[in-house]
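Residue numbers run from 1 in the order of the sequence given.
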Amino acid sequence: MLRFDTVLFDADNTLFDFDRAEAEVLRQVTEDLGVPLTEELRRAYGQINTALWNRFDRGEITRDWLVVERFRQYLDLLGGGDPEEMNRAYLKGLGQCSMLLPGAEALCRRLKPFCHMAILTNGITESQTGRLERSAIQDCIEGLFISQAMGCQKPQREFFVQVYNALGLTGRDLSRTVMVGDNLQSDILGGQNGGISTIWFNPHRKKNDSGIHPDWTAETLAEVGDIILAPV
């Protein structure tokens, strides 16, 4: 018997190459305003966006406010503009970018004969559904659970309970279910709140001083597969 037979994946920077997609779409929407995307502007947007998503993960702000506020702050650096319009263009662009991280398709193909797989994300419905529909792993993923459509979010236990109910997972099944993600706060803490095992995908070897302790840490997606398919 293998260690796990149900795998719940985060989307961004776990399976999908969000950094690459974000860089390309940010360049497009910035240049549409007649402004070249410099490294300084890219870093500034990244800092704004990360700070707001961290606040969202802590339950301090709403997603609807976040997605407009990030561009309000960014456009202040560019001299002004319509943040709602920029957000619409950005989300449309992201929905068309289905680039996967190296090894993501190989991992899903490797797991498919043995595991049920679903994606759990706090991302935006428009961009997440579009990317999965266009991706090479669409046929491997049996469920896409987006917090925007569920009324709760990772790391809340309620989010995971809804996922379990939708997938028909009972108490015994949860002992063979694992959450895989790159974010300690939303993915690993979320999995722990949901009573399941966790794998922290940490390809950049980030230091963990969060107080959140995953069951396993993997630096490559191949290593993630080794953990999941280990015989027990």
- Taking the side chain as every heavy atom from C-beta outward, state whether Val178 and Arg3 have any atom pair closer than 4.5 Å. no

- List in chain and number order the residues that pass side-chain hydrogen bond (donor to acceptor under 3.5 Å, both in side chains) with Thr62, two or more places apart in sequence or in another chain; answer none if no residue qualifies. none

- Between Val35 and Met86, is there a shared hydrophobic cluster once you connect ILVMFWY residues whose side-chain heavy atoms come closer than 4.5 Å? yes

- Query: Does Arg131 pair with Asp17 as a salt bridge, N-O distance under 4.0 Å?
  - Reply: no

- For Phe9, ring-ring contact (aromatic ring centres under 6.0 Å, His included) partners two or more places apart: none

- Is Gln96 atom CD crowded by more than 12 heavy atoms from other residues, nucleotides or ligands, each under 6.0 Å away? yes

- So, do Asp12 and Trp53 sit near enough that their side-chain heavy atoms are less than 4.5 Å apart? no

- Item | Check: Trp216 ring centre within less than 6.0 Å of Phe4 ring centre | yes

- Item | Minimum heavy-atom distance between Ile146 and Gly123, given as atom pair plus value | CG2-O, 3.4 Å

- Task: Tell me, please, which residues at least two apart from Glu84 pass side-chain hydrogen bond (donor to acceptor under 3.5 Å, both in side chains).
- Result: none

- Shortest non-hydrogen contact from Gly181 toward Thr14: CA-OG1, 3.5 Å

- Using a 4.5 Å cut-off on heavy atoms from C-beta on, say whether the side chain of Val68 contacts that of Asp64. no

- Query: Tell me, which pairs form a salt bridge (Lys or Arg N to Asp or Glu O under 4.0 Å) where one or both residues lie in residues 164-174, sequence neighbours left out?
  - Reply: none

- Message: Can you tell me if Arg58 has over 12 outside heavy atoms packed within less than 6.0 Å of its CZ?
- Response: yes

- Task: In plain terms, say whether Asp139 and Lys112 are close enough for a salt bridge, that is, a side-chain N and a carboxylate O under 4.0 Å apart.
- Result: yes

- Item | Glu22 to Asn49 - nearest heavy-atom pair and separation | OE2-ND2, 3.4 Å

- Query: Considering all heavy atoms of both residues, which atom of Leu41 and which atom of Leu37 are nearest to each other, and what is their separation?
  - Reply: CB-CD1, 3.9 Å

- Look at the side-chain heavy atoms of Ile, Leu, Val, Met, Phe, Trp and Tyr, link any pair under 4.5 Å apart, and say whether Ile196 and Ile199 land in one connected group. no

- Query: Is there a side-chain contact between Met179 and Asp215 (heavy atoms, below 4.5 Å)?
  - Reply: no

- Does any non-hydrogen side-chain atom of His116 lie less than 4.5 Å from one of Leu167? no

- Task: Mind checking the CG-NZ spacing from Leu189 to Lys154? Nearest 0.5 Å is all I need.
- Result: 11.5 Å

- Heavy-atom neighbours of Glu40 CD exceed 12 at 6.0 Å: no

- Message: With clusters defined by side-chain heavy atoms of hydrophobic residues (ILVMFWY) lying less than 4.5 Å apart, directly or transitively, does Leu66 cluster with Leu26?
- Response: yes

- Message: Holding to ring-ring contact (aromatic ring centres under 6.0 Å, His included), I want the full list of residues that pass it with Tyr45, two or more places apart in sequence or in another chain.
- Response: Phe71, Tyr74

- Message: Contact between Phe201 and Leu101 at the side-chain level, heavy atoms closer than 4.5 Å - yes or no?
- Response: yes

- Query: Would you say the side chain of Thr121 lies within less than 4.5 Å of the side chain of Leu144, judging by non-hydrogen atoms?
  - Reply: yes

- Query: By side chain to side chain contact (heavy atoms under 4.5 Å, CB included), which residues pair with Ser210, not counting sequence neighbours?
  - Reply: Leu184, Asn208, Ile212

- Query: Are the side chains of Gln148 and Gln128 in touch, meaning some heavy atoms are under 4.5 Å apart?
  - Reply: no

